[in-house]
Amino acid sequence: MRIVVSTHQGVMYDDDVDYVVIHDQSDGEYAILNNHVPVVSVIDEGYLKLVKDEHEIFVSLVSGIFEFHDNIATMLVQEAQAGQSLESAKEHLLELRKERLDKNRQESSDFTLMEKKLSENIKKSKAGSL
């Protein structure tokens with residue numbers, strides 16, 4: 001079966017696997033094998049376990065939609081991070097989320113500063129007054 005895992009930044013995993021285990025914290029887990037009936041499910045927070053031969057890859061994820069039909073599994077997620085173990089995937093995802101939060105805070109702070117400077121410059125230039 002083929003699996004494609006995508007975030008808004010692009011495809012993070014696209015390969016053939018033997019089977020997939022989908023785990024959602026609120027709904028539990030289930031496995032998808034070749035020729036499984038079509039499935040669509042929403043995952044709030046959880047992980048995928050991708051098994052190929054004897055190798056396992058874990059994808060820790062937040063907010064996603066999983067779809068399976070015609071031996072093609074598609075996972076569209078807001079945030080995801082892969083690892084050789086579930087722990088490493090979760091750790092990488094937490095680091096990524098922290099970095100994004102810090103970046104968003106900094107950008108928000110920078111925007112507020114620029115907005116303040118713009119307002120001061122408009123007042124100084126007396127723009128809009130005759």
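All values derive from a computational prediction rather than experimental measurement.
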For this session: Show your reasoning for whether side chain to side chain contact (heavy atoms under 4.5 Å, CB included) applies to Asp14 and Arg2.
Result: CA-CA 7 Å; Asp14 183 355; Arg2 187 99 184 146; 3.0 Å; yes
Exercise. Do Met75 and Val59 come within less than 4.5 Å of each other through their side chains, counting heavy atoms only?
Worked result: no
Exercise. Are Tyr13 and Leu48 side-chain neighbours, meaning at least one heavy-atom pair lies under 4.5 Å?
Worked result: no
Exercise. Where is the tightest heavy-atom contact between Ala82 and Met12, given as atom of each residue plus distance?
Worked result: N-CE, 3.6 Å
Problem set entry | Considering all heavy atoms, the nearest Asn35-Asn71 contact | N-OD1, 2.6 Å
Problem set entry | Any side-chain heavy-atom pair of Ile32 and Ile22 under 4.5 Å | yes
Problem set entry | Contact check, side chains of Ser119 and Lys123, non-hydrogen atoms, under 4.5 Å | yes
Exercise. For Val17 and Val51, which heavy atoms make the closest approach, and how far apart are they?
Worked result: CB-O, 3.4 Å
Problem set entry | Spacing of CZ belonging to Phe111 relative to CG belonging to Asn104, to within rounding of 0.5 Å | 13.5 Å
Exercise. If you count the non-hydrogen atoms of other residues, nucleotides and ligands that lie under 6.0 Å from CG in Leu33, is the total more than 12?
Worked result: yes
Problem set entry | Distance (rounded to the nearest 0.5 Å) between Ser60 OG and Gln81 CD | 8.5 Å
For this session: Give a yes or no on whether a salt bridge exists between Asp18 and Lys52, defined as a side-chain N under 4.0 angstrom from a carboxylate O.
Result: no
Exercise. Hey, mind stepping through Tyr30 and Val39 against side chain to side chain contact (heavy atoms under 4.5 Å, CB included) and telling me if it holds?
Worked result: CA-CA 11 Å; Tyr30 59 94; Val39 173; 3.8 Å; yes
For this session: Take Val62 and Val77, measure what side chain to side chain contact (heavy atoms under 4.5 Å, CB included) needs, and give me the verdict at the end.
Result: CA-CA 7 Å; Val62 177; Val77 294; over 6 Å; no
Exercise. From Lys117 NZ over to Lys124 NZ, what is the distance, rounded to the nearest 0.5 angstrom?
Worked result: 10.5 Å
Exercise. If you round to the nearest 0.5 Å, how far is CG of Asp15 from CD1 of Ile57?
Worked result: 7.5 Å
Exercise. Under 3.5 Å, is there a donor-acceptor pair between the side chain of Asn34 and the main chain of Met1?
Worked result: yes
Problem set entry | Approximate separation, where rounding is to 0.5 Å, of Glu56 CD and Gln84 CD | 9.5 Å
Exercise. Got a second to check how far Leu61's CG is from Asp44's CG, nearest 0.5 Å?
Worked result: 9.5 Å
Exercise. Quick one: do Val21 and Phe58 end up in the same hydrophobic cluster if we chain Ile, Leu, Val, Met, Phe, Trp and Tyr together by side-chain heavy atoms under 4.5 Å apart?
Worked result: no
Exercise. So His23 and Tyr47, would you call those rings parallel, tilted or perpendicular, with 30° and 60° as cut-offs?
Worked result: parallel
Problem set entry | Thr112 (side chain) donor-acceptor with Ser108 (main chain) under 3.5 angstrom | yes
For this session: For Asp27 and Ile43, indicate whether the former's side chain and the latter's backbone hold a donor-acceptor pair under 3.5 Å.
Result: no
